[in-house]
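In listed order, ligands and their atoms are each counted from 1.
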Amino acid sequence: MIKLRNVGIIGTGSCLPDKIVTNSDLEKIVDTTDEWIKTRTGISERRMTDENTATSDLATVAAMRALESANLSPEEIDLIIVSTVTPDVMFPSTACIVQKNIGAINAAAFDLEAACAGFLYGLSVAEGLVRAGSFNNILVIGAETLTKILDFTDRNTCVIFGDGAGAAIVSEVPEGYGIMSTYIGADGRDGHLLTVPAGGSRIPSSVESVQNRLHYVKMDGKEVFKFAVKIMGDAAEKALDKCGLTKEDIDYLIPHQANIRIIEASVKRLKISHDKVFRNLDKYGNMSSASVAIAIDEASREGLLKDGDIVVLVGFGGGLTWGSAVLKWKSIGRN
Ligand code: ACO
């Protein structure tokens with residue numbers, strides 16, 4: 001019988017564009033206020049790429065930083081998975097562009113799309129592949145330039161999202177630490193709640209599709225909110241259950257950074273104290289699949305995660321999709 005390997009994250013990295021867009025900046029272009037955005041979402045500012053920067057550019061920097069923290073060379077990566085809803089182009093995949101940029105000449109590469117749950121989907125796929133021995137060092141990246149697909153005349157969406165990229169390297173680690181479980185799910189029946197309608201095969205790009213603003217994010221915020229509040233708690237508990245733990249075992253929670261009210265509702269449901277919950281959405285807004293990836297990198301670099309901590313990652317997104325993971329933490333670079 002094949003012995004399954006023990007798997008964990010051995011390096012992380014992230015990249016944020018320099019340009020900061022504050023709520024006051026948005027007040028000047030759309031009918032909103034700093035006060036509304038802060039109280040209804042918890043966001044104060046977000047990052048925005050310039051016209052010359054694409055998703056792969058952010059992903060490349062995040063990947064190089066993750067390699068550095070894991071002390072690996074690009075040649076040692078054998079698979080790259082990029083999760084994104086904002087690829088550079090329809091094809092080739094953003095993963096192939098990153099492969100070229102970092103010189104990961106021995107890596108296979110593909111994109112995965114599960115909106116904001118995408119990084120957790122990537123982590124789950126990578127965990128299975130390394131555990132089974134199919135791959136050794138998988139670079140999982142969540143990268144987005146959402147500001148490129150936002151309608152800056154639509155106050156329901158343009159105040160919420162931002163740009164960024166986060167990366168993690170998933171490899172074999174010693175027994176006793178690492179990824180204890182992952183859980184992913186989807187419900188395509190409610191896919192219409194969050195979508196970019198045009199630019200695919202259903203509504204190919206045309207003058208009309210552009211005039212009708214169909215290449216921008218459309219969202220039924222209220223319905224997504226209701227779904228999110230329920231699924232965040234459910235998904236966290238499901239992953240805990242899979243590895244024989246309960247919500248009482250959580251030492252640190254890293255939730256998707258969509259809305260402070262969604263995070264607070266999840267915290268209440270899981271009955272954990274606020275100081276055990278990572279938050280950076282005030283600075284960055286919702287960066288879709290990059291949010292959880294950047295959050296792990298920041299939490300790790302800021303020393304918020306202690307060796308032996310039970311860390312729960314949880315997210316939800318368009319699709320609809322959701323995902324969670326339970327990690328027994330070990331400091332990066334010392335695995
Ligand atoms: N500024 C001022 N007023 C606003 C703004 C704004 N930016 N946006 C909406 N409003 C108004 C609405 O028009 C509405 O006015 P009305 O009552 O006169 O019609 C009022 O504020 C209340 O609107 P609601 O939609 O009820 O506001 P709500 O409290 O639900 O907050 C929000 C809206 C922030 C979008 C919230 O519903 C939310 O966070 N939903 C979840 C969204 C989310 O997480 N999406 C990402 C999913 S991840 C992915 O895959 C990409």
Which of the numbered atoms in ligand 1 are under 4.0 angstrom from any heavy atom belonging to Gly317? 48 (S), 49 (C), 50 (O)
For Glu144 and Thr86, does a side-chain donor sit closer than 3.5 Å to a side-chain acceptor? yes
For ligand 1, which is the ligand I care about here, please tell me if Arg261 has any N or O atom under 3.5 Å from one of the ligand's N or O atoms. yes
Consider ligand 1: state whether an atom of it lies below 4.0 angstrom from any non-hydrogen atom of Ile160. yes
So if I apply the side-chain contact (heavy atoms from CB on, under 4.5 Å) rule between Pro197 and each of Lys218, Arg202, His192, which one comes out positive? Lys218
Under the side chain to side chain donor-acceptor pair (under 3.5 Å) rule, collect the residues that match up with Glu51, sequence neighbours excluded. none
Would you say atom 28 (P) of ligand 1 touches the protein, meaning some protein heavy atom is under 4.0 Å from it? yes
Answer side chain, backbone, both or neither: which part of Trp36 comes under 4.0 Å from ligand 1, heavy atoms only. side chain
Under 4.0 Å from ligand 1, counting heavy atoms only, is it the side chain of Asn286, its backbone, both or neither? side chain
Consider only side-chain N and O atoms of Asp297 and Ser300, and report whether a donor and an acceptor are under 3.5 Å apart. no
Distance filter under 4.0 Å to Leu194 heavy atoms, resulting ligand 1 atoms: 47 (C), 48 (S), 49 (C), 50 (O), 51 (C)
Who's the nearest protein heavy-atom neighbour of atom 15 (O) of ligand 1, and how far? Arg155 NH2, 4.0 Å
Flag Lys222 as yes when one of its N or O atoms lies below 3.5 Å from any N or O atom of ligand 1, and as no otherwise. yes
Of the backbone atoms (N, CA, C, O) and the side-chain heavy atoms from C-beta on, which set of Asn259 has a member under 4.0 Å from an atom of ligand 1: side chain, backbone, both, or neither? side chain
Does the side chain of Glu208 pick up a donor-acceptor pair with the side chain of Ser206 at under 3.5 Å? no
Compare every heavy atom of Ala143 with every heavy atom of Ala59, then report the nearest pair and how far apart it is. CB-CB, 3.8 Å
Taking N or O atoms only and a 3.5 Å limit, does Gly318 qualify as a polar contact for ligand 1? yes
Salt-bridged, Asp234 to Lys238, with N to O below 4.0 Å? no
Within a distance of under 4.0 Å, is there any protein heavy atom near atom 31 (O) of ligand 1? yes
